[in-house]
Protein chains: 2
Amino acid sequence: MKFISRENPSPSDCFRIIDEGLRKRAVITLFACCQATYEGRARSKLGLGERMIIIKPDGSFLIHQDRKLDPVNWQPPKSRSKVRMENGIVILESVRRTPPEHLEVEIKNVHLVSYYLGRDSQELEVCGHEKDMGEMIWKHPELIEKGFRPTDKEYSTSKGFIDILGKDENGQLMILELKSRKAGTNAVKQLKRYLKDFEDNKGQVRGIIVAPSITEDALELLEEDGLEFKSLEPPKELKEEKKVTLDFF
Amino acid sequence: MKFISRENPSPSDCFRIIDEGLRKRAVITLFACCQATYEGRARSKLGLGERMIIIKPDGSFLIHQDRKLDPVNWQPPKSRSKVRMENGIVILESVRRTPPEHLEVEIKNVHLVSYYLGRDSQELEVCGHEKDMGEMIWKHPELIEKGFRPTDKEYSTSKGFIDILGKDENGQLMILELKSRKAGTNAVKQLKRYLKDFEDNKGQVRGIIVAPSITEDALELLEEDGLEFKSLEPPKELKEEKKVTLDFF
DNA sequence: GAGTGCATCTCGCTC
DNA sequence: GAGCGAGGTGCACTC
């Protein structure tokens, strides 16, 4: 049996199913009217409302409202979930040790309780990160400009790590700050801080923001100091082009 | 009827229920074996596996695996969700306009499909943020030190906003950088940047990190420049102490 | 276990 | 709608 579901269960049935789901390390979900209190890194209270509760076998605990991507309350993986009955009411509890965090959910009414034993070993294959950009530039320096020769990745300075360090065709030092999406003023400020570390070579170092685009404010800030912007999209090619077609079925 | 659920539905039943749920603006959930492709800000592929799919009435779309807090694939609120049948297979699609993003989910097998019409108007009450800290210090400046008088909140400089500006009992300028949790080197770097704007008063300005704690690295960086750290917990008192007790039921 | 930095960050706010 | 910064950020990675 891959899953169990029960409509409008009694509190004791609900308790039993959740308890069973926890023991079997299933993904448990409830549609329920509930309220929640959280205490830990912050403190919060959530009044009564209709929500969806999810408990995963890794200890993740999520309460989702009917809007937003983020759960309204949650506990991270490795939290310990418990269920108990108190005065005929089902209470869910999730505890984390470090940092100490505690979430308690009182369930007024359950519409649907279910658990699901589906396991999923697949990992997401994703591309288009800053890291992918760095690798692409390292392999194809000419994407920055003809004659560019990168010398260091993650070059350490007192102000942090420079994404890519290199030299142009005239041997002039180049500092590249990569962003996988539109660069803002922060990226420029970061670049300027790195340049501070090379002040002795004043005027001899080129600072370049490499990103798909840049905000107007950031461009202004950049040109103020004679720095440069190079438009470059992060690579969006998955390493293994897994066939995802209808043939599969 | 607050919800519908169907175990092991046929593809066409599944399609019908999802379609109905979308029209009724319900929260739709599926336990299903599926695969997904995403393209937009990045690109990703997720092979076949057992997962939980959630579509909210605000357009949020989530695919959850049996682990982690974050969905493995998702679309943000205001995305447009569609369902269709193709060669007897149910396909879910979610599209966002700006930025252009597209998520497509092919559903191989559905164990449970359901939708839920529960509405939830409750907002989360939460405290313990940096903002709460700022308000607390503004009201009780003596928490920083005897004689401290704050003069500005969110004071604008060329490097950003200073959380709190004020003077000590000797009339010396004080720049406070607040963090609601352990301060790291970034907080110190930020503080140092603000201080740059006051360099003409060199030695006459005190820079202080205010946080519950600080990393060792950050403390070192701080003391290097004769700056200070003040340990202060963010306030954790909810504005209205809403009664959340079992009496409610 | 703590510290650091990226993210399809999300989300709320301001302009 | 774009830009900016905080977050119970989460998460992977390093040390």
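Each chain gets a letter, A, B and so on, in the order the sequences are listed, and its residues count up from 1. What you see is a predicted model; the values in this text were computed from it and never measured.
Ring pair B:Tyr116/A:Phe31 is parallel by interplanar angle, where below 30° counts as parallel and above 60° as perpendicular.
For A:Glu135, the CD atom counts as densely surrounded, since its 6.0 Å shell holds more than 12 non-hydrogen atoms of other residues, nucleotides or ligands.
For A:Asn186, no side-chain nitrogen or oxygen approaches OP1 or OP2 of D:dC4 to under 4.0 Å. For D:dC4, the OP1/OP2 oxygens have a side-chain nitrogen or oxygen of A:Thr185 closer than 4.0 Å.
Put simply, CZ on B:Phe161 is 11 Å from P on D:dC4, counting in whole angstrom units. Remark: C1' of C:dG3 and CG of B:Leu221 are 13 Å apart, rounded to the nearest angstrom. Per the geometry, CZ belonging to A:Arg97 stands 11 Å off P belonging to C:dG1, to the nearest Å.
Closest heavy-atom contact between A:Ala32 and A:Ile107: CB-CG2, 4.0 Å.
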(message) I'd like to compare against my own output: the B/S/- annotation of nucleotides 6-13 of chain C with a strict under-4.0 Å heavy-atom distance to protein.
(response) SSBSSSS-
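In this structure a side-chain-to-backbone donor-acceptor pair under 3.5 Å is missing from A:Lys78 to A:Gly59. Using a distance-only test at 3.5 Å, with no hydrogens or angles considered, no donor-acceptor pair links the side chain of A:Asp225 to the main chain of A:Leu227.
The closest side-chain donor-acceptor pair between A:Thr215 and A:Asp217, if any, does not fall under 3.5 angstrom.
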